[in-house]
Protein chains: 4
Amino acid sequence: MQEAAQVLEEAQSELSPQQLIGALVKKGELTDPGSPRGRLLNAAARLFEQKGFSRTTVRDLAAEVGILSGSIFHHFSSKEQILCEVMKEVTIFASARMRSAMESAGSPQERLRACIQSELEAIHEQAVPGFSILVMEWRSLSEASQKEVLLQRDEYEQIWLDAINTAQCPGGDAAVVRRLLVGALSHTYSWFKPREKGLTIPELSDRVFQIFAP
Amino acid sequence: MQEAAQVLEEAQSELSPQQLIGALVKKGELTDPGSPRGRLLNAAARLFEQKGFSRTTVRDLAAEVGILSGSIFHHFSSKEQILCEVMKEVTIFASARMRSAMESAGSPQERLRACIQSELEAIHEQAVPGFSILVMEWRSLSEASQKEVLLQRDEYEQIWLDAINTAQCPGGDAAVVRRLLVGALSHTYSWFKPREKGLTIPELSDRVFQIFAP
Amino acid sequence: MQEAAQVLEEAQSELSPQQLIGALVKKGELTDPGSPRGRLLNAAARLFEQKGFSRTTVRDLAAEVGILSGSIFHHFSSKEQILCEVMKEVTIFASARMRSAMESAGSPQERLRACIQSELEAIHEQAVPGFSILVMEWRSLSEASQKEVLLQRDEYEQIWLDAINTAQCPGGDAAVVRRLLVGALSHTYSWFKPREKGLTIPELSDRVFQIFAP
Amino acid sequence: MQEAAQVLEEAQSELSPQQLIGALVKKGELTDPGSPRGRLLNAAARLFEQKGFSRTTVRDLAAEVGILSGSIFHHFSSKEQILCEVMKEVTIFASARMRSAMESAGSPQERLRACIQSELEAIHEQAVPGFSILVMEWRSLSEASQKEVLLQRDEYEQIWLDAINTAQCPGGDAAVVRRLLVGALSHTYSWFKPREKGLTIPELSDRVFQIFAP
DNA sequence: GATGAATGAGTGTTCATTCAT
DNA sequence: CATGAATGAACACTCATTCAT
């Protein structure tokens, strides 16, 4: 068990968040965070998460990256499109991250635990912020945009459903369990602060795992 | 034991949601839903839940009860105050409802299950709508208003914490378990539709109970 | 002939522009020019005519009647709706005016001349300004609004077509002649200034009549 | 005389619109339509005519010729200057065209008819589009630009006035008749579609001629 | 000459809130 | 208490124009 953990850590350490992002940027799946568009998306993710989509103005957003509000519309056609793009890129990054976490997980139980921890890290880590937006601001998206995001989201959810199914969780079919987990995990954004002393993300992951896969 | 349960059930059946509301109105804890103020609060609960607080205008609200937007400010000093009042009244009603559900629950396990079902009913039933607002629109509230609502909320949460503690749920301390439950249950608003054939509220309560208190 | 003219003038003098407007307001066909909405429509007619629709801002319009730009949207749902309403009211007034002019015209020739003079007066008089907008800003209207205005316009054009037909104008079918007249008359807005010494409206009407019905 | 006319006609038939443009380009009076500036002017003429000046953006214009909006300002100092240049070139071309049409006209009546047909062709033909802009967008021009265009326009109008005077049209002095004609003819842009079966340009010219010079 | 990013003043519009009637 | 008109600040978005590269 300890050895396994060590191996995992090493495998993981081969690909830091920055390196993962870099690889995705090269493949053209993510916007370069250094480009104006990328800086805008990062700032948007941060602000939409902190203040909410409708309470964030395009002026806030522009100020955050040091341009004027009008200039935003060189890169995006509307405020809503920014939200949509943020969600798509966040989903792509979270998928890649979770796939990478999956690879180093051996048993079905470990896989589910890795899923939980990966999503909690996505929610609370700052590497590519904005994961909690996916749940919290879903209704701010037009139906057309929702479909676009769902297309990207499918793969991510498939990993989850597989993990839940193979881990033989209680609570009936995997879809219901996953939805309960979505709620439980995304809501942690509102109360769980990993920086303060107290629960750490791995500890919280353990708790959640204990509940959903005893 | 069976007899007692029967008596309780009868007692409960004597108190329909409308009767419960009536009793609370008489005690001055709830606004009369027939009064202008009450109709406004009900309409607000419905609209804030359906469209979100910031996407609901005071004009929408006024139109819903058949007055003009200016007239709203004879009853409330601001839009935010309406949200605050809705939340307080919803909390009061949900508390009364859950206390009543508690009374007919015998074992600790039954008590927790009653809590779960009561909250799911609060979220998905229409009697006093707006329960999901408590979680979803929490950030739309000023800090001052949050404190006001928290004052009311305390009692409600205490019932939950007792139920979790006595049911000996896994997942560590009751506060964490409750918060995971808050997320899991409130998020059902987004995907669970009790009207369509499929899962019913009692069935869903069972699933949740199975997971959180195996 | 002279007597007839005298009688005509008397008949006409019974209904001044202001009185005609008053009658139409009473019938509910025109907005009261004293009401906020009416003052807005009059100002819009003036400004759209002077500066063009797209060069007139809602702020210009608001300033003209002494309110703030936001207040306009209490009375109209959009800038385009203002243009549409202006056009409809202008058409209604012009129709009533022309009908009234028709009544005092005896021969077919006189009827056509009355049409010409009535339209020239509509273009250059100030009583209900905005007639030239009907031609000049037609393309600023959405198709839906165009249909609305055309509904009102039909009656007005019918009077014209009858007059052209009975006057036996050269130039083939009445529809073509009318369209040439529309262009010729509406363009006078750009070059004909009745106030300066020179041509008067009756004189210009004579010239046009001479050309189109020799 | 007849021989001369024949020669002229042949000469005319030798000079297609493209050839006429070519000749004017060589003389330095028109911009080469193949040059970037020329393509810009042609696109502008088309767009300003179709959508109106203020509803056409420089981005539309740039897209039409396949460059970016910023690049336009290497060729013109402002959007208004583009309109001004379009008007000047259109006027030059229309003048040359009408002069050429005059040469083959024998009688005063024929001359006037040739003027009418030439202007209708200018409005509805596609060779050098934009003639209708001269009337429809006149007010979009600054006074300084108006003067510039008027300088070019003078010769064109002189031909018209001569033709009207010698044809002994009714309706008083030639200036007024010409202005009525300007309105009547330019407005045909809005209703006359030569492509559809029905009236042809020569037929419409006949009708107009019949009215203005019976 | 072209690009692409940015500007900055301005656009139509929204909306919670006020207040005389 | 309700109305209806108005407020005024804020909003997302537009667009002609500039300019370093």
Side-chain angles (χ1 to χ4, degrees), chain A residues 35-40 53-62 65-83, chain B residues 35-37 40 53-63 65-83, chain C residues 35-40 53-62 65-83 140, chain D residues 35-37 40 53-63 65-83 140:
Chain A
S35 70
R37 183 189 164 96
R39 279 188 293 131
L40 233 16
F53 175 72
S54 60
R55 277 176 298 273
T56 303
T57 71
V58 295
R59 272 178 177 79
D60 292 339
L61 193 43
V65 300
I67 59 175
L68 289 184
S69 69
S71 310
I72 286 183
F73 296 90
H74 254 270
H75 305 284
F76 303 97
S77 62
S78 71
K79 188 185 169 192
E80 201 228 331
Q81 201 214 334
I82 301 177
L83 178 59
Chain B
S35 71
R37 184 190 163 94
L40 234 16
F53 175 72
S54 60
R55 278 178 296 273
T56 303
T57 70
V58 297
R59 268 183 177 75
D60 291 340
L61 196 43
V65 301
I67 58 173
L68 286 186
S69 66
S71 309
I72 285 184
F73 296 88
H74 285 284
H75 305 283
F76 302 96
S77 62
S78 72
K79 187 187 170 190
E80 201 228 330
Q81 200 215 334
I82 301 177
L83 179 59
Chain C
S35 70
R37 186 190 161 95
R39 278 187 294 131
L40 233 16
F53 176 71
S54 60
R55 278 177 296 273
T56 303
T57 71
V58 296
R59 277 175 179 82
D60 292 339
L61 192 44
V65 300
I67 60 174
L68 289 184
S69 70
S71 309
I72 286 183
F73 296 90
H74 256 271
H75 305 284
F76 302 98
S77 62
S78 71
K79 189 188 169 191
E80 201 229 330
Q81 202 215 332
I82 302 177
L83 179 59
S140 300
Chain D
S35 71
R37 185 190 163 95
L40 233 17
F53 175 72
S54 60
R55 278 179 295 273
T56 303
T57 70
V58 297
R59 267 184 179 73
D60 291 339
L61 197 42
V65 301
I67 59 173
L68 287 186
S69 68
S71 310
I72 285 185
F73 296 88
H74 285 284
H75 304 283
F76 302 96
S77 63
S78 73
K79 188 188 171 191
E80 201 229 331
Q81 201 216 333
I82 301 177
L83 178 59
S140 299

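Chain naming here is simple, since letters A, B, ... match the order of the sequence lines and numbering starts at 1 in each.
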TODO: Using chain C heavy atoms and a threshold of under 4.0 Å, write down where along DNA chain E the contacts begin and end, 5' to 3'.
DONE: dT11(E) to dC15(E)
TODO: Pick base, sugar-phosphate or nothing for Ser71(D), based on heavy-atom distances below 4.0 Å to the nucleic acid.
DONE: base
Open item on the list: Rounded to whole Å, please give me the gap between CG in Leu83(A) and C1' in dA12(F).
Closed with: 15 Å
Open item on the list: If I take atom CD1 from residue Ile82(C) and atom CG from residue Leu61(C), how far apart are they, to the nearest 0.5 angstrom?
Closed with: 5.0 Å
Open item on the list: Measure CD1/Ile72(A) against P/dT14(F) and give the value in whole Å, please.
Closed with: 13 Å
Task: Position toward the 5' end of DNA chain E (nearest nucleotide), His74(A) or Lys79(C) - done: His74(A)
Task: Value in whole Å for how far the C1' atom of dA16(F) lies from CD of Glu80(D) - done: 12 Å
Task: Shortest non-hydrogen contact from Ser140(C) toward Arg55(D) - done: OG-NH1, 3.1 Å
Open item on the list: Does Ser69(C) reach a base, just sugar-phosphate, or nothing at all? Heavy atoms under 4.0 Å.
Closed with: base
TODO: Round to a whole Å and report the spacing from CG of Leu61(A) to C1' of dC11(F).
DONE: 14 Å
- [ ] Represent DNA chain F in dot-bracket notation, 5' to 3'. Only Watson-Crick or G-U wobble pairs with both distances under 3.5 Å count; pseudoknot-style crossings use [ ] and interstrand partners use |.
- [x] .||||||||||||||||||||
- [ ] Select base, sugar-phosphate, or nothing to describe what Thr56(C) touches, counting heavy atoms under 4.0 Å on all strands.
- [x] sugar-phosphate
Open item on the list: From CD of Gln81(A) over to P of dA12(F), roughly how many Å is that when rounded to an integer?
Closed with: 15 Å
Task: Distance in Å, Phe76(B) CZ paired with Leu83(B) CG, rounded so as to fall on 0.5 Å steps - done: 11.0 Å
Open item on the list: Please give me the minimum heavy-atom distance between His75(B) and Leu40(B), naming the atom from each residue.
Closed with: CD2-CD2, 3.8 Å
Task: Rounded distance (Å) that lies between atom P of dA12(F) and atom CZ of Phe73(A) - done: 7 Å
Open item on the list: Give me the atom names and distance for the closest heavy-atom approach of Gln81(A) to Ser77(A).
Closed with: OE1-N, 2.6 Å
Task: Which nucleotide in dA12(F), dA16(F), dA2(F) has an atom nearest any side-chain atom of Arg59(D) - done: dA16(F)
Open item on the list: Rounding to an integer number of Å, can you tell me how far Arg37(B) CZ sits from dA2(F) C1'?
Closed with: 18 Å
Open item on the list: For a quick test of reading the model, state the closest non-hydrogen atom pair linking Lys79(C) to Phe73(C) and the distance between them.
Closed with: N-CE2, 4.3 Å
- [ ] Map Gly66(C) and Gly70(A) onto DNA chain F by nearest heavy atom, then report which one ends up closer to the 5' terminus.
- [x] Gly66(C)
- [ ] By nearest nucleotide on DNA chain E, pick out whichever of Pro36(A) and Asp60(C) is the more 5' one.
- [x] Pro36(A)
- [ ] Mind checking Ile67(D) for me? I need base, sugar-phosphate or nothing, with any heavy atom below 4.0 Å counting as a touch.
- [x] sugar-phosphate
- [ ] Let me know the distance between CZ of Arg55(B) and P of dC11(F), rounded to the nearest Å.
- [x] 16 Å
